[in-house]
Amino acid sequence: MDADFLNTFTQPATLNQFLAENVITPGEKRKLIKPTSSNNPKLEELKLLLIDWINTTLKQEHIVVKSLEEDLYDGLVLHHLLENLGSLKLDVDKIALTEKKQRQKLSVILEAVAKFLQLEESQLKWSVEAILAKDLLSTLHLLVAIAKHFQPNLAFPPNVHVETITIENTSKGLKTANGVEYITGSKENSEEQSTDDAFDELFSRAPERLDDVKKVFLQFVNQHVGKLGLNVKDMESQFADGVILLLLIGQLEGYFLNLRDFFLTPASTTEMLHNVNLALDLLADGGLLNFSVNSEDIVNGDLKTTMRVLYCLYSKYKAKET
């Protein structure tokens, strides 16, 4: 694997360049598609399918969409699309020239979409501000939802997913979390939900079983890192710096990790975060991580987060335990 890819978003210079292009204001939290997913063939296939679907639907309107980000943010195309598909008359002007008018227009349109799709606010994977900001991830989620509702037989490419980075601008600085997000349906989505529910239930309803689960994980971990002369006894503290996690992934996935790519003896929180983010990138790239993880949670010794990440490896390799 290319070392430059592994270091994406873990090196401050790279993150600063990315933020220069995607301004995150104080108090704001945004999930964005990583540039590493920009050339994903399945993502391109989905974008072309949606563009063709929109242009075919609006052919009589003489509307031609070439870019999902650049042509949908002002609400004009979405307005025509909803009127054409849902025979709906929206009480807004067709053309909104100012940002204020565009925001008002999008608000009306997205309220109509939520009503049509019978979605609660907590279920929405898009927002007025995200669409207005030409956010591709939100735009894709919105269009796929509309298309599935009005044209359920549309042949979407299956399991389209992207690598994401969630950035939050807090009073203490930037918090980042890496993950993988599915845009079209996948078996992994249901598995992700059941995994989260299982750990939530374990911690809240069956804490007496927590030690048993920890023992299973520790046995699994030590079976593999023991080959390197290592022994893990405390799950909260020994995974916090990312070193054991990286070495475990290397053993299981067959990676040779160059010592220049991570900190073998991290001396600061920044170096620990670098290691953890690198580990999460490796898991995501291998298709093992399909939910968002805040790397700071692992560095801070959050047991539930650590166990969820370990489960990604355990669920794939447990059959090899003998």
Side-chain angles (χ1 to χ4, degrees), residues 8-9 14-15 17-25 28-59 61-85 92 94-114 117 124-151 154 156-157 160-167 178-184 292:
T8 301
F9 302 111
T14 303
L15 183 57
Q17 180 182 350
F18 186 71
L19 290 175
E21 300 169 357
N22 300 274
V23 178
I24 312 296
T25 59
E28 184 183 5
K29 183 177 182 179
R30 289 181 63 188
K31 182 187 291 184
L32 302 165
I33 297 177
K34 284 187 176 183
T36 50
S37 287
S38 60
N39 295 322
N40 182 329
K42 280 195 172 183
L43 178 61
E44 288 302 311
E45 183 183 351
L46 176 62
K47 290 167 66 175
L48 290 173
L49 174 73
L50 290 170
I51 289 173
D52 182 66
W53 168 66
I54 293 170
N55 289 337
T56 300
T57 303
L58 301 181
K59 185 176 181 179
E61 307 282 343
H62 303 291
I63 291 176
V64 177
V65 169
K66 295 182 179 179
S67 166
L68 296 180
E69 301 100 307
E70 296 296 331
D71 294 340
L72 274 81
Y73 77 95
D74 62 359
L76 175 64
V77 173
L78 290 171
H79 191 167
H80 281 275
L81 197 61
L82 282 182
E83 287 194 341
N84 189 288
L85 293 169
V92 287
K94 278 283 172 51
I95 299 177
L97 297 178
T98 67
E99 184 176 312
K100 180 179 179 180
K101 290 289 186 181
Q102 290 167 355
R103 185 177 282 105
Q104 291 173 344
K105 182 182 181 70
L106 283 172
S107 180
V108 172
I109 290 171
L110 296 187
E111 283 180 13
V113 171
L117 274 54
L124 302 180
K125 295 182 179 180
W126 55 82
S127 67
V128 170
E129 295 302 323
I131 301 299
L132 191 61
K134 305 179 184 180
D135 181 85
L136 178 59
L137 183 60
S138 296
T139 302
L140 288 170
H141 276 308
L142 174 62
L143 290 174
V144 168
I146 293 173
K148 283 185 175 181
H149 179 80
F150 290 105
Q151 195 169 342
L154 197 62
F156 288 107
V160 178
H161 61 279
V162 292
E163 293 178 327
T164 63
I165 180 169
T166 301
I167 308 173
N178 299 293
V180 172
E181 183 153 340
Y182 281 78
I183 302 170
T184 62
S292 180

Residues which pass side chain to side chain donor-acceptor pair (under 3.5 Å) with H161, listed by chain and number, not counting sequence neighbours: none

Closer than 3.5 angstrom, by distance alone: can the side chain of T139 be matched with the main-chain N or O of E69 as a donor-acceptor pair? no

Nearest 0.5 Å please: distance from the CG atom of L85 over to the NE2 atom of H80. 12.5 Å

Working to the nearest 0.5 Å, report the span between NZ of K34 and CG of L137. 13.5 Å

Those residues at least two apart in sequence (or on a different chain) that pass side chain to side chain donor-acceptor pair (under 3.5 Å) with D71 are none

Mind checking the CD-CG spacing from E163 to L43? Nearest 0.5 Å is all I need. 11.5 Å

When you look at L81 and L143, which way does the side-chain contact (heavy atoms from CB on, under 4.5 Å) test go after all the steps? CA-CA 10 Å; L81 197 61; L143 290 174; 4.3 Å; yes

Please lay out, stage by stage, how L50 and V65 fare under the test side-chain contact (heavy atoms from CB on, under 4.5 Å). CA-CA 10 Å; L50 290 170; V65 169; over 6 Å; no

Which heavy atom of L132 sits nearest a heavy atom of R103, and at what distance? CD2-NH2, 3.4 Å

Give the C-alpha distance, both sets of side-chain angles, the deciding distance and a yes or no for side-chain contact (heavy atoms from CB on, under 4.5 Å) between V113 and L78. CA-CA 10 Å; V113 171; L78 290 171; over 6 Å; no

Side chains of V144 and L46: does their closest heavy-atom pair fall under 4.5 Å? yes

Looking only at heavy atoms, what is the nearest atom pair of G75 and L106, with distance? CA-CD2, 3.8 Å

For the backbone of W53 and the side chain of T57, can you confirm whether one donor and one acceptor N or O come within less than 3.5 Å of each other? yes

Taking side chain to side chain contact (heavy atoms under 4.5 Å, CB included) as the definition, give me every residue that meets it alongside E45, ordered by chain and number, with sequence neighbours left out. P157

Hey, could you give me the CG/CD1 distance between L136 and I33, rounded to the nearest 0.5 Å? 4.0 Å

Apply side-chain contact (heavy atoms from CB on, under 4.5 Å) to L82 and F150, showing your working. CA-CA 9 Å; L82 282 182; F150 290 105; 4.2 Å; yes

Over all atoms of both residues, closest heavy-atom pair of T184 and K148: CA-NZ, 4.5 Å

Any chance you could measure S138, atom OG, to L124, atom CG, to the nearest 0.5 Å? 10.5 Å

Once rounded to the nearest 0.5 Å, what's the spacing between atom NZ of K42 and atom CD1 of I183? 11.5 Å

Using only atom types and a distance under 3.5 Å, with no angle test, would you say the side chain of N55 pairs donor to acceptor with the backbone of I51? yes

Which heavy-atom pair separates W126 from I131 by the least distance, and what is that distance? CB-CD1, 4.4 Å

Taking the side chain as everything from C-beta on, heavy atoms only, tell me whether I54 gets closer than 4.5 Å to L68. yes

